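In what follows, a structure is listed as C-alpha cells, so that the remarks can point back to it.
All values derive from a computational prediction rather than experimental measurement.
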Amino acid sequence: MSDVNQRTDHPLLHHFSVPLSATRRGARLARLLAAGELHDWGLPLDPARLVVAELAANAVLHGRVPGRSFRLTLSVLAPRTLRVEVADTRGDRWPTRVRGACEGQAESGYGLLLVEELADRWGVRAGPVPCKTVWAELDLVPWR
C-alpha cells in the first residue's frame, strides 16, 4: 500500500464524480453508477465494478461519519488507465489489511486483498481535508 498520490500528467479521457450517502444503499449505488459509466465509456465492467464495490463498502463501514457522504470518482487517463477513487471523511482512520489468511480469524481486511489482486496499483492519500482517498488503478486492454 502506498500513500503516494499516483496521478500522472496524462490527459483525462473520461471523468465522473459523485457524492453518495455513507450507507449500504450508497455503496450499492456507487457500484451501479460505476457500471453505468463504464458501459457508457465502452469499458469492461469487471474487475473495475468489484474494486468500486470493495472501496465503497469500506468507506461506508470504516470511513463513515454520521451526516457526511463519501465521494466516488472514476477517471480514464490516457493512454489506457482507469482510476477509481473513493474519498471518505475519516482522514484520521486509514485502512489496514490482513497480511495473510493464517493470521487469525479477522472479519475485515479481506476486501483490500481483493483490491490488491484486481488492481495494478492502489494506495491511500490524505485529503482533501478532513478526508482520505483510497485509490486503485487498472491498466485497460485496448477497447473499441
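Side-chain contact check for Trp94 versus Val134: every heavy-atom pair is 4.5 Å or farther apart. In this structure the side chain of Pro130 reaches within 4.5 angstrom of the side chain of Arg68, judged on heavy atoms. You'll find the side chain of His14 stays beyond 4.5 Å of the side chain of Leu82, heavy atoms only. In this structure, Val60 and Phe70 have side chains that are in contact, with non-hydrogen atoms separated by less than 4.5 Å.
Between Ala136 and Val115, the shortest heavy-atom contact is CB-CG1, 4.2 Å. Between Arg83 and Trp135, the shortest heavy-atom distance links the atoms NH2-CG, 3.3 Å. Counting all heavy atoms, side chain and backbone alike, Thr133 lies closest to Gly127 at OG1-O, 2.9 Å.
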- Task: List the steps, then state whether side-chain contact (heavy atoms from CB on, under 4.5 Å) holds for Leu112 with Asn58.
- Result: CA-CA 9 Å; Leu112 291 178; Asn58 281 351; 3.6 Å; yes

- Task: Dump the intermediate steps for side-chain contact (heavy atoms from CB on, under 4.5 Å) on Glu137 and Val84, then the final yes or no.
- Result: CA-CA 6 Å; Glu137 290 183 342; Val84 176; over 6 Å; no

- Query: Between Leu74 and Leu72, is a side-chain contact (heavy atoms from CB on, under 4.5 Å) present by the stated rule, with each step listed?
  - Reply: CA-CA 7 Å; Leu74 303 174; Leu72 168 67; 4.1 Å; yes

- Query: For Leu13 and Trp41, what are the C-alpha separation, side-chain angles and deciding distance, and is it a side-chain contact (heavy atoms from CB on, under 4.5 Å)?
  - Reply: CA-CA 10 Å; Leu13 300 177; Trp41 296 343; over 6 Å; no

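Residue pairs meeting the salt bridge (charged side-chain N to carboxylate O under 4.0 Å, His left out) criterion with at least one member in residues 27-37, sequence neighbours excluded, do not occur.
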Which atom pairs, one a donor and one an acceptor, fall under 3.5 Å between side chains of residues 18-27 and the rest of the protein, sequence neighbours left out?
{"residue": "Ser21", "atom": "OG", "partner": "Thr23", "partner atom": "OG1", "Å": "2.9"}
{"residue": "Thr23", "atom": "OG1", "partner": "Arg25", "partner atom": "N", "Å": "3.4"}
{"residue": "Thr23", "atom": "OG1", "partner": "Gly26", "partner atom": "N", "Å": "3.0"}

For residues 42-57, dump all side-chain donor-acceptor pairs below 3.5 Å to protein atoms at least two apart in sequence or in another chain.
{"residue": "Asp46", "atom": "OD1", "partner": "Arg49", "partner atom": "NE", "Å": "3.2"}
{"residue": "Asp46", "atom": "OD2", "partner": "Arg49", "partner atom": "NH2", "Å": "2.9"}

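Ion pairing between Asp139 and Arg121 holds under the 4.0 Å rule for side-chain N and carboxylate O.
Although no hydrogens or angles enter the test, the distance criterion places a donor-acceptor pair under 3.5 Å between the side chain of Lys132 and the main chain of Arg90.
Distance check, rounded to the nearest 0.5 Å: CG of Leu114 to CD of Glu117 gives 8.0 Å. The distance from the CD atom of Glu85 to the OG atom of Ser17 is 8.0 Å, given to the nearest 0.5 Å.
The environment of Arg71 atom CZ is dense: over 12 non-hydrogen atoms of other residues, nucleotides or ligands sit within 6.0 angstrom.
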